[in-house]
Amino acid sequence: MSNDTTATDAFPQAEDLSGPLLTVKDLRTTFSTPRGDLTAVDGVSLELGRGETLGIVGESGSGKTVLSRSIMGLLPRSKTTQSGSILFEGTEIVDAPDATLRDIWGAKIAMVFQDPMTSLNPVVRIERQITESLRLHTTMDKAEAKATAISLLGQVGIPSPAERVRAYPFQLSGGMRQRVTIAIALACSPRLLLADEPTTGLDVTVQAQILDLLSSLQAERHMAVILVTHDLGVVATRTDRIAVMYAGHIVEMASTRRLFASMAMPYTQALLKSTPRISDPSHTRLTAIDGRPPDLINPPTGCAFAPRCDYATEQCRIEAPPLRTAPEDPTHLFACWNPLQTGHAGTVTTAKGEL
Ligand SMILES: Nc1ncnc2c1ncn2[C@@H]1O[C@H](COP(=O)(O)OP(=O)(O)OP(=O)(O)O)[C@@H](O)[C@H]1O
Ligand SMILES: [Mg+2]
């Protein structure tokens with residue numbers, strides 16, 4: 001293998017391209033806590049196509065991270081019980097043996113976390129952090145792995161990659177460190193990249209650069225991406241579809257265009273109102289959604305959003321609304337007894353303009 005071999009063509013694979021890449025069916029993830037069982041993901045079903053970008057949005061505590069970690073098979077077994085199914089290219093992730101998960105991690109599904117300092121080892125040079133996974137999942141020798149690491153750093157926009165590869169994480173800025181974690185995630189050409197709040201904590205300009213980088217790498221590699229955020233503005237221009245989470249449930253799911261044109265859920269509208277607009281002065285505080293998220297150990301009967309919802313009726317407090325399809329668009333799902341009128345939600349202004 002020559003030195004200019006990229007990570008992409010290091011993995012010639014006979015692929016079965018029919019069917020979805022990922023199918024999650026009725027997934028439940030429960031933690032046992034001192035106060036009792038807490039169901040953080042409660043009956044989630046979704047499908048993801050090859051090369052597709054799905055945004056997962058929801059307020060803090062809605063279950064976005066637990067869902068992503070469940071898909072990756074990353075939750076500690078001793079404190080977690082799971083039911084349902086997560087099929088990735090035909091392999092079941094729920095209760096998969098460790099050996100199966102080790103084959104999948106990095107090589108087929110990779111994850112970029114919110115804080116690069118927690119996923120990077122501060123006392124190990126970047127070179128080793130990238131080459132370790134290449135050596136584990138490929139037949140590359142040391143020199144080939146190093147050349148690939150330098151090439152990957154170049155691809156994620158790190159200047160002078162041949163020198164920077166010798167650096168330690170603490171010698172880089174926050175934005176550069178997040179680029180390094182993306183390079184590590186991409187090293188073995190995963191089919192799916194899970195990015196959990198990949199830009200929180202970075203300044204606005206760097207956020208946009210990192211998100212644009214993810215979009216362009218995704219298009220080049222035809223890689224599916226799940227982009228997790230609490231910010232609807234972030235996913236507005238960067239996803240094909242959006243799943244909205246509340247209290248462990250997907251409460252609305254639609255194509256991105258459809259969601260912004262005719263969102264059905266008052267909760268989705270409340271999330272949109274809590275999204276900062278580029279016209280706001282930089283010191284504007286986020287408007288949080290009024291009221292408190294439900295206690296997931298003792299969830300309320302009826303719709304979990306009802307106590308906070310301006311449109312709630314008696315029925316909402318008594319009976320949980322099922323996930324149903326919009327009559328004019330069967331791919332638009334929502335769980336609400338009193339959905340918003342079409343067009344009621346208005347428009348959203350993002351860094352890329354108005355949708
Ligand atoms: N290891 C754990 N043990 C017990 N409960 C947990 C654990 N991890 C998460 N939870 C609970 O599961 C629920 C969902 O948490 P999760 O981290 O998925 O939320 P999130 O949507 O990612 O929020 P954020 O936007 O703040 O990252 C929360 O109620 C949280 O307290
Ligand atoms: Mg989270």
Side-chain angles (χ1 to χ4, degrees), residues 24 27-46 54-84 86 93-95 109-119 178 181 185 193-202 207 210-211 214 225-236 239 242-253 265 267-268 270-276 285-300 304-305 307-308 335:
V24 179
L27 179 70
R28 255 180 202 81
T29 302
T30 302
F31 297 105
S32 63
T33 78
R35 283 206 306 126
D37 284 354
L38 184 155
T39 301
V41 171
D42 195 359
V44 163
S45 298
L46 59 84
L54 174 73
I56 298 183
V57 295
E59 69 175 348
S60 189
S62 55
K64 307 180 298 294
T65 295
V66 175
L67 174 59
S68 321
R69 286 180 168 260
S70 301
I71 291 171
M72 187 88 180
L74 261 185
L75 291 166
R77 297 236 176 113
S78 54
K79 291 184 190 145
T80 323
T81 47
Q82 280 195 318
S83 64
I86 302 170
I93 308 272
V94 171
D95 294 332
I109 312 179
M111 199 157 175
V112 176
F113 299 92
Q114 175 175 339
D115 177 7
M117 263 332 233
T118 57
S119 45
Q178 197 56 300
T181 63
L193 182 71
L194 283 157
D196 188 356
E197 306 267 8
T199 59
T200 309
L202 299 175
Q207 274 189 25
I210 298 280
L211 291 167
L214 278 176
V225 172
I226 294 183
L227 181 59
V228 174
T229 172
H230 57 270
D231 185 341
L232 262 174
V234 162
V235 290
T239 55
I242 296 179
V244 182
M245 286 193 80
Y246 186 72
H249 303 277
I250 287 182
V251 293
E252 182 157 20
M253 183 151 57
M265 297 287 296
Y267 167 66
T268 311
L271 274 181
L272 184 59
K273 284 188 182 150
S274 72
T275 299
R285 280 178 65 90
L286 278 179
T287 9
I289 301 174
D290 282 345
R292 288 178 47 186
D295 177 2
L296 298 180
I297 294 174
N298 295 299
F305 190 59
R308 307 166 74 187

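In listed order, ligands and their atoms are each counted from 1. Computed over heavy atoms, backbone and side chain alike; hydrogens, waters and symmetry mates excluded.
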Ignoring angles and geometry beyond distance, decide whether [X] reaches within less than 3.5 Å of ligand 1 through its nitrogen or oxygen atoms.
X: Ser62; result: yes
X: Lys64; result: yes
X: Leu38; result: no
X: Ala40; result: no

**OP:** Look at the side chain of Gln178 and the backbone N and O of Phe113, then say whether any donor-acceptor pair between them is shorter than 3.5 Å.
**Re:** yes

Original post:
When you measure from the side chain of Arg308 to the backbone N and O of Ile289, does any donor-acceptor pair fall under 3.5 Å?
Top reply: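 Yes, Arg308 side chain to Ile289 backbone: donor-acceptor pair under 3.5 Å.
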
Original post:
For atom 18 (O) of ligand 1, which candidate among Asp295, Val66, Ile297 provides the closest heavy atom?
Top reply: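 It is Val66 whose heavy atom sits nearest to atom 18 (O) of ligand 1.
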
**OP:** Would you indicate which of Pro34, Ser68, Pro294, Gly61 comes nearest to atom 28 (C) of ligand 1 when only heavy atoms are counted?
**Re:**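 Minimum heavy-atom distance to atom 28 (C) of ligand 1 goes to Gly61.
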
Original post:
Does any N, O or S atom in Ser60 come within less than 2.8 Å of the Mg ion (ligand 2)?
Top reply: no

Can you give me the closest heavy-atom contact between [X] and [Y], atom names plus distance?
X: Met111; Y: Leu193; result: N-CD1, 4.4 Å
X: Leu27; Y: Ser70; result: CD2-CB, 3.8 Å
X: Ala185; Y: Val112; result: CB-CG2, 3.9 Å

Original post:
So is Gly58 in contact with ligand 1, going by heavy-atom distances below 4.0 Å?
Top reply: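 Not so, Gly58 does not reach ligand 1.
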
What is the closest protein heavy atom to [atom], and at what distance does it sit?
atom: atom 5 (N) of ligand 1; value: Phe31 CD1, 3.5 Å
atom: atom 17 (O) of ligand 1; value: Thr65 CB, 3.7 Å
atom: atom 26 (O) of ligand 1; value: Ser60 OG, 2.5 Å

Original post:
Nearest 0.5 Å, what's the CE-OG1 distance between Met245 and Thr268?
Top reply: 12.5 Å

Original post:
Could you state the interatomic distance from CG (Leu202) to CD (Gln207), rounded to the nearest 0.5 Å?
Top reply: 6.5 Å

Subject >> More than 12 heavy atoms of other groups within 6.0 Å of Arg77 CZ >> reply: yes

**OP:** Using a 4.0 Å heavy-atom threshold (strictly under), name the region of Leu296 that reaches ligand 1: side chain, backbone, both or neither.
**Re:** side chain

Original post:
Measuring to protein heavy atoms, does anything land under 4.0 Å from atom 30 (C) of ligand 1?
Top reply: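 Flag for atom 30 (C) of ligand 1 set to false, no protein heavy atom closer than 4.0 Å.
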
Original post:
Nearest protein heavy atom to atom 22 (O) of ligand 1: under 4.0 Å?
Top reply: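 There is a protein heavy atom less than 4.0 Å from atom 22 (O) of ligand 1.
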
Original post:
Which of the atoms in ligand 1, numbered in the order shown and given with their element, are less than 4.0 Å from a heavy-atom of Glu59?
Top reply: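 Ligand 1 atoms under the 4.0 Å threshold to Glu59: 21 (O).
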
**OP:** Report yes if some heavy atom in the side chain of Tyr267 is under 4.5 Å from a heavy atom in the side chain of Val251; otherwise report no.
**Re:**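 Tyr267 vs Val251: side chains touch.
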
Original post:
Out of Thr29, Asp37, Thr30, Asp95, which one pairs with Thr81 under the side chain to side chain contact (heavy atoms under 4.5 Å, CB included) rule?
Top reply: Thr30

